[in-house]
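Report on the structure given below.
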Protein chains: 2
Amino acid sequence: MPLTSQTDPPAHEACALIEDGLTADHVISIVGHCTVTYDGRTQSTLGPGDRVVLCKPDGTLLIHQPTGRKPVNWQPPGGTHETALVDEDVLVRSRRESPPEVVEVRFSEVAQVSSYPLTDEQDLELVGSEDDLRQHILADPSLLEPGFEPRATERETSAGPVDIYGVDTENTPVIVELKRRRVGPDAVGQLARYVTAAERERTDKIVRGILVAPSVTDRARRELDEQDLEFVSLEPADSSPTTATLDDFGETTGEKDSG
Amino acid sequence: MPLTSQTDPPAHEACALIEDGLTADHVISIVGHCTVTYDGRTQSTLGPGDRVVLCKPDGTLLIHQPTGRKPVNWQPPGGTHETALVDEDVLVRSRRESPPEVVEVRFSEVAQVSSYPLTDEQDLELVGSEDDLRQHILADPSLLEPGFEPRATERETSAGPVDIYGVDTENTPVIVELKRRRVGPDAVGQLARYVTAAERERTDKIVRGILVAPSVTDRARRELDEQDLEFVSLEPADSSPTTATLDDFGETTGEKDSG
DNA sequence: TACTGTATTTCGCTA
DNA sequence: TAGCGAAGTACAGTA
């Protein structure tokens, strides 16, 4: 990989390297001492400190402090990057429209600038999503309750689309809201909105509402009871990482190569 | 800044550099061709591609593809990193408990390893949050409606804490839910839950519910009407970046220095 | 530690 | 493009 990298570049050279990387659609990493301003959906300022800044060719800008998963400042994809020399400082600006937002990073010192021509077509394959839970139930509706018959997914109501719509053994309409993890009051409110809307659309019938999730909080449980809504405990898949601990570090590689 | 960096290191040396960086509590950047596996709240795999990997001393791990704001895989802070040499590949593993999660990155090629001793004590200062909207209203309650009297913030109900609780000119209780941006049905559901809970706690009185936000969607508006809830249009601050466009690139620096 | 709600949420999908 | 809901959401505040 023909990467470019320079340590402690003078400002003008840092600028030039960044410029080259932008032109070449590289991923650029800039490490140094900087301040940051942001103006858009809100506004923010960040005083001087050491950060790692990533510029991606799709317009993404990430500014990372030495701690935390979230970038302290950022720009989502879609915009464009610029760089300029300003009073011996290196300025990096990322701008986008819709919504109009500008992030400016001003380096008083650049410790390193690197530029990488990365190629990556791979998509993440993920197991254990809400969609997996839906599949799970559709494959065996009795998991929800004996005799449950799914009739539609994403069925439209005036309050929005219902995860699973079906009927029970009494032919009573059932609205099912799925959550891949433990639920709080918000999920109850969501289910309640759908049930209310469905009842409005089928005035002759009672409509049941069932919340499906691994577990509920106490408050959510109470709110379910108060509104005559039901709860069924189900998980997306049998993913129990607690027991599936990996072996000692060096020993896990055999599995991978033998596959 | 005494950073360490090496381009195209042999695997064993990459490992050693990473090891040193981990020991020194540095931020480590690894760029190369790798695969990723994740096991925890869900499971995922990612086939081979070029990525930038950041290891932070607080246990954060970020794996970035050449596009997108979100890391394709990650580990939140709190865990620990390890590295090892496995069949000529460089393995980086990040592990945490509660919840138990493991991310493994396996590099078949390392293009660059860098290690940075970063220090950054700065906190972000942000304007335009929901809290700013709250302050705005508390400073001038008539913004909500003439004669409105705030009595409490974060007032507890059985459904949770209410943003602002107060009374109108008729001494009728008013529950105010604040949102810093345009709201949809979820916010209506939230307000409805609070109002219902408050009515249950004060059976003698009608309780008003007011949603405060810059704007509402059509569906949310309809749901408000159906439940006799109200809407007031307010913004956190007069931050209108649409009109506050910055001048041409090189010309903005004057403002900053003259401030 | 668990619960609750905000977020410059981001992201994907759909009308 | 806007609306709607999921997310391995992350994160802060609180009990």
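The sequence lines fix the lettering, A, B, ..., with proteins before strands; numbering per chain opens at 1.
As judged by a 4.0 angstrom heavy-atom cut-off over every strand, A:Pro71 is placed among residues making no nucleic acid contact. A:Val72 comes within 4.0 angstrom of a base, heavy atoms only. Among the heavy atoms of the strands, none lies under 4.0 Å from B:Leu133. Using a 4.0 Å heavy-atom criterion, one finds that A:Pro76 contacts the sugar-phosphate atoms exclusively. Residue contacts shown for A:Arg182 are limited to sugar-phosphate atoms, with no base heavy atom under 4.0 Å away.
Of the two residues near DNA chain D, A:Leu124 and A:Ser98, the one whose nearest nucleotide lies more 5' is A:Ser98. Checking B:Tyr38 against B:Glu156, the closest nucleotide of DNA chain D that is more toward the 5' end is the one next to B:Tyr38. Positionally, the nearest nucleotide of DNA chain C for A:Val216 lies more toward the 5' end than for the other of A:Val216 and B:Arg181.
A:Ser158 and A:Glu201 are linked by a side-chain donor-acceptor pair at a separation below 3.5 angstrom, with hydrogens and angles left out of the test. One side chain, A:Glu101 or A:Tyr38, offers a donor N or O that lies under 3.5 Å from an acceptor on the other.
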Run the numbers on A:Glu235 and A:Leu133 for side chain to side chain contact (heavy atoms under 4.5 Å, CB included), then give the verdict.
CA-CA 7 Å; A:Glu235 299 196 13; A:Leu133 176 55; over 6 Å; no
Applying side-chain hydrogen bond (donor to acceptor under 3.5 Å, both in side chains) to B:Asp186 and B:Gln190, what does each step give before you reach the verdict?
CA-CA 6 Å; B:Asp186 54 339; B:Gln190 194 181 348; over 6 Å; no
Can A:Thr217 and A:Val183 be said to form a side chain to side chain contact (heavy atoms under 4.5 Å, CB included), step by step?
CA-CA 6 Å; A:Thr217 66; A:Val183 290; over 6 Å; no
I'd like a list of close polar pairs between nucleotides 4-7 of chain C and the protein, N/O only, cut-off under 3.5 Å.
residue : atom : partner  : partner atom : Å
C:dT4   : OP2  : A:Thr217 : OG1          : 2.7
C:dG5   : OP1  : B:Tyr194 : OH           : 2.6
C:dT6   : OP1  : B:Glu177 : OE2          : 2.9
C:dT6   : OP1  : B:Lys179 : NZ           : 3.0
C:dT6   : OP2  : B:Lys179 : NZ           : 2.8
C:dT6   : OP2  : B:Gln190 : NE2          : 3.4
C:dA7   : OP1  : B:Glu130 : N            : 2.9

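The interatomic distance linking B:Gln65 (CD) with C:dT10 (P) rounds to 18 Å, in whole Å. The distance from atom CD of B:Glu125 to atom P of C:dT8 is 14 Å, rounded to the nearest whole Å.
Taking atom P in both C:dT4 and C:dT8, one finds a spacing of 23 Å when rounded to whole Å.
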Under 3.5 Å, which donor-acceptor pairs do the side chains of residues 53-61 of chain B form with other protein atoms, sequence neighbours left out?
residue : atom : partner : partner atom : Å
B:Lys56 : NZ   : A:His64 : ND1          : 2.9
B:Lys56 : NZ   : A:Gln65 : O            : 2.7
B:Lys56 : NZ   : A:Thr67 : O            : 3.4
B:Lys56 : NZ   : A:Gly68 : O            : 2.8
B:Asp58 : OD1  : B:Thr60 : N            : 3.0
B:Asp58 : OD1  : B:Thr60 : OG1          : 2.8
B:Asp58 : OD2  : A:Gly68 : N            : 2.7
B:Asp58 : OD2  : B:Thr60 : OG1          : 3.3

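Ion pairing between a basic and an acidic side chain is recognised when a charged N comes within 4.0 Å of a carboxylate O; A:Arg221 and A:Glu223 show no such pairing.
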Using Watson-Crick and G-U wobble pairs with both distances under 3.5 Å, what is the 5'-to-3' dot-bracket string of DNA chain D, with [ ] for crossing pairs and | for pairs outside the strand?
|||||||.|||||||
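With a heavy-atom cut-off of 4.0 Å to chain A, the contacted part of DNA chain D has its first and last nucleotide at D:dT1 to D:dC11.
Residues that satisfy the side-chain hydrogen bond (donor to acceptor under 3.5 Å, both in side chains) test with B:Ser98, not counting sequence neighbours, are absent from this structure. Looking at residues two or more places apart in sequence or on another chain, you find no side-chain hydrogen bond (donor to acceptor under 3.5 Å, both in side chains) involving B:Arg193.
Side chains of B:Pro150 and B:Thr153 form no contact here, defined as non-hydrogen atoms less than 4.5 Å apart. The closest side-chain heavy-atom distance from B:Arg151 to B:Tyr165 is below 4.5 Å.
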